[in-house]
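In what follows, chains carry the letters A, B, and so on, assigned in the order in which the sequence lines appear, proteins first and then strands, with residues in each chain numbered from 1.
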Protein chains: 2
Amino acid sequence: MSAPKPNRAPRRRGYHHGDLRAVLLAAGEAELAEQGVEGFSLRGVAKRAEVSHAAPAHHFRDANGLLTALAAEGFRRFVDKQKARQQVADEDALSQLVAAGMGYVDFAMAHPALFRLMFSSNRPDHEAEELQIAASAAYRKLVEDVARLRGSPPGQSEPLPTDVMRTWAIAHGLADLMNSRRLKPLLGLRKAERDAALAAMLRRSLG
Amino acid sequence: MSAPKPNRAPRRRGYHHGDLRAVLLAAGEAELAEQGVEGFSLRGVAKRAEVSHAAPAHHFRDANGLLTALAAEGFRRFVDKQKARQQVADEDALSQLVAAGMGYVDFAMAHPALFRLMFSSNRPDHEAEELQIAASAAYRKLVEDVARLRGSPPGQSEPLPTDVMRTWAIAHGLADLMNSRRLKPLLGLRKAERDAALAAMLRRSLG
DNA sequence: CCCCTATCTTGACAATGTCAAGATAACTTC
DNA sequence: GAAGTTATCTTGACATTGTCAAGATAGGGG
C-alpha cells in the first residue's frame, strides 16, 4: 500500500482533499444553475465534487449552510455587476443609478437560480453573518447611489427612504419579472434592444 | 359489519370521500401557508385531509399538479384583491391604477407563500391551461388599467408595452420586497401608515 | 342485480438530508 | 523524529418524501 490511490489528477491527495470547501462552492453553484433552487440536492453537489455524500457537512453545517454561503457569494458578485455597468456609463448621478439598475437585471439574467436563492428563498439563513454583511453592502451601495441624485456629498446626508425603496422596487421588479420570463415584449429582442428598453423604463421611473 | 366505520363527522362516507378535491385544495393551501413553498409536502397535505398518502394522485397527477391548481386559484384571488381595492378608491384612472398596485401588495402580504408559488417557483406547470388562463386574466387586467391612463376607451387601443411593463415592475417590486421583509423602513409602521407610504411611491412612479 | 369504473388504501422502491461511527491524514508537541 | 491529537473524509444507517403498482371499496349504468 505504498500508493493508497493512484488517483485522478484533480483530487489533490488520496483522502484529504486540500481545498474541498472551494470545490464544493463551485459544485454547488453548478448544481444550483442546472437544477434550480427547488431541485438542488446536497448529494448531487457531493457527486459533482467527486466526494462522499457526507463530506460537505464538515465545511457547511447542512444543505442550507451551503446555500447560505452561495447566497453571500452571490451578493458580492451582484455588486460587482452593478459596478461594471456603472464604469461604462455616463458620470451624472441619474445615469449612474440607471446603470446600477441595469446591473441588477444583468445579474438576474446571468444567474437566474442564484438570484432566486438570494431574493425568493428562505433556505439560506438570512441572519447568518456572512450573508448579512454581503447583503447589506449591496443595500448601502443602493442608498449611496440614490443619495447622489440629490447632489449630496457621499455619506453626508441620507436620502429619503421612500426614494430608496422606490428605486429598489423598480429595479427589482424588472429583474424579477425578467427572471421569470414574464415581460413578454422583451423576450424576443436582442440584448442591445432589450437593454435600451430597460434603460428607458428605469430612466423614466427614476428621473 | 353493517357500519364499516362509525366515522368522524367531517368525512362524508367511509371510503369514498365525496369532495376530496376541494378538501385537498384547502389542505394544500394550509400546508403551503405553514411550511412555505420549499417545505411543502404532499404527504403532509394528505395527513391534513385525513386521507392516505396516495389519495391526492387521483385528483392531481402529482405534487406539482396540486401546486399548479393552487397557483391558478391564487391568481384568481389576486385579481379579486385588486378589484376590492379599486372599489374603495377614487375613480380617476391614476387612482385606480394605484389601487390595483395596492391590491398587488395586499395579496403578497396576506398570502406570502402563495405569492412565491405564483411568481418565484417553477414547481407549478406554467404551461397548464388552468394556470395560463388565470394568470393571463390578471395580465389583461393590468393592460386595461394602464390603457385607461391614456384615456382610451376600454379595449380600444393598446397602451405602450413599456408603460405596462414599467407599471407592473413597480407594483411587483414593492410586493416582492415587502414579502421578503426587505423594505425595512416600512416594517415597523402600522397598516394605515404603510399603505400611505406605498400609495405615495406608486403614485409618484406612475404619474 | 351484476359488472364496471372511479376512488381510495396499502405496500413497495429509490432518492434525499442528516446523524453516528470509523478510517485516514495532517498538525502539534515533546 | 515519534506519538498523540485533531481535522477531514468515508461508510453505513435511519426517517422522510414522491411516485408507482396492486388491491379494496363503492357508486352508477346496463
Side-chain angles (χ1 to χ4, degrees), chain A residues 1-8 10-25 27-28 31-32 34-70 121-125, chain B residues 1-8 10-25 27-28 31-32 34-70 121-125:
Chain A
M1 319 278 186
S2 59
K5 273 190 179 179
N7 262 353
R8 323 152 185 102
R11 182 91 64 91
R12 308 308 156 93
R13 300 164 193 84
Y15 212 96
H16 281 18
H17 193 286
D19 59 344
L20 180 55
R21 186 187 163 90
V23 173
L24 285 173
L25 282 172
E31 172 87 1
L32 192 63
E34 290 180 25
Q35 308 295 129
V37 184
E38 291 160 339
F40 183 90
S41 153
L42 188 59
R43 288 171 107 110
V45 174
K47 278 175 195 151
R48 284 173 194 271
E50 299 186 71
V51 96
S52 84
H53 62 260
H58 256 272
H59 297 270
F60 310 93
R61 174 204 290 279
D62 52 17
N64 290 354
L66 174 52
L67 290 171
T68 301
L70 287 172
S121 172
N122 40 15
R123 298 203 60 182
D125 175 9
Chain B
M1 322 277 183
S2 58
K5 273 190 178 180
N7 261 353
R8 324 150 183 102
R11 181 91 63 91
R12 309 309 157 93
R13 298 164 196 83
Y15 212 97
H16 281 18
H17 193 287
D19 60 344
L20 181 56
R21 185 187 163 90
V23 172
L24 285 173
L25 282 171
E31 172 87 1
L32 192 62
E34 291 181 25
Q35 309 293 131
V37 184
E38 291 160 337
F40 183 89
S41 151
L42 188 58
R43 287 170 108 111
V45 174
K47 277 174 197 151
R48 283 172 194 272
E50 298 186 71
V51 97
S52 84
H53 63 260
H58 256 273
H59 296 271
F60 310 93
R61 177 204 288 280
D62 51 18
N64 290 353
L66 174 52
L67 290 171
T68 302
L70 286 172
S121 171
N122 40 15
R123 297 203 59 183
D125 175 10

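When the C1' atom of C:dT9 is taken as reference, atom CG of B:Leu24 falls 14 Å away, rounded to whole Å. In this structure, the NE2 atom of A:His58 is 14 Å from the P atom of C:dT18, given to the nearest Å. Atoms CD (A:Glu38) and C1' (C:dG17) sit 17 Å apart, rounded to a whole Å.
In this structure, B:Ala57 has no side-chain contact (heavy atoms from CB on, under 4.5 Å) partners at least two apart in sequence or on a different chain. Take A:Arg61 and apply the side-chain contact (heavy atoms from CB on, under 4.5 Å) test, not counting sequence neighbours, and it matches no residue. Residues meeting the side-chain hydrogen bond (donor to acceptor under 3.5 Å, both in side chains) test with B:Asp125, sequence neighbours left out: none. By the side-chain contact (heavy atoms from CB on, under 4.5 Å) test, A:Ala46 is found to be paired with A:Val51, A:Pro56, residues two or more places apart in sequence or in another chain being considered.
Distances from the side chain of A:Leu42 to the nucleotides D:dC20, C:dT9, C:dG17 place C:dG17 closest. Distances were taken from every side-chain heavy atom of A:His53 (C-beta onward) to each of D:dA13, C:dT9, C:dT7; the shortest belongs to D:dA13. When the nucleotides D:dT11, C:dC8, D:dT17 are ranked by their closest atom to the side chain of B:Lys47, D:dT17 comes out on top.
Using a 4.0 Å cut-off on heavy atoms, the residues of residues 59-68 of chain A that approach DNA chain D are A:His59, listed by number.
Here the shortest heavy-atom pairing between A:Leu24 and A:Ala49 reads CD2-CB, 3.9 Å. Residues A:Arg123 and A:Phe40 share a closest heavy-atom pair of NH1-O, 4.4 Å.
Residues A:Phe60 and A:Leu25 have side chains in contact (heavy-atom distance under 4.5 Å, counting atoms from C-beta outward).
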Grab the N/O contacts between the protein and nucleotides 13-15 of chain C below 3.5 Å, and write none if there aren't any.
none

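Within the structure, every pair that satisfies the side chain to side chain donor-acceptor pair (under 3.5 Å) test and touches residues 37-49 of chain B, not counting sequence neighbours, is listed here: A:Ser121-B:Glu38, B:Glu31-B:Arg48, B:Glu34-B:Arg48.
Mapping A:Leu20 and B:Ala54 onto DNA chain D by nearest heavy atom places A:Leu20 closer to the 5' end of the strand.
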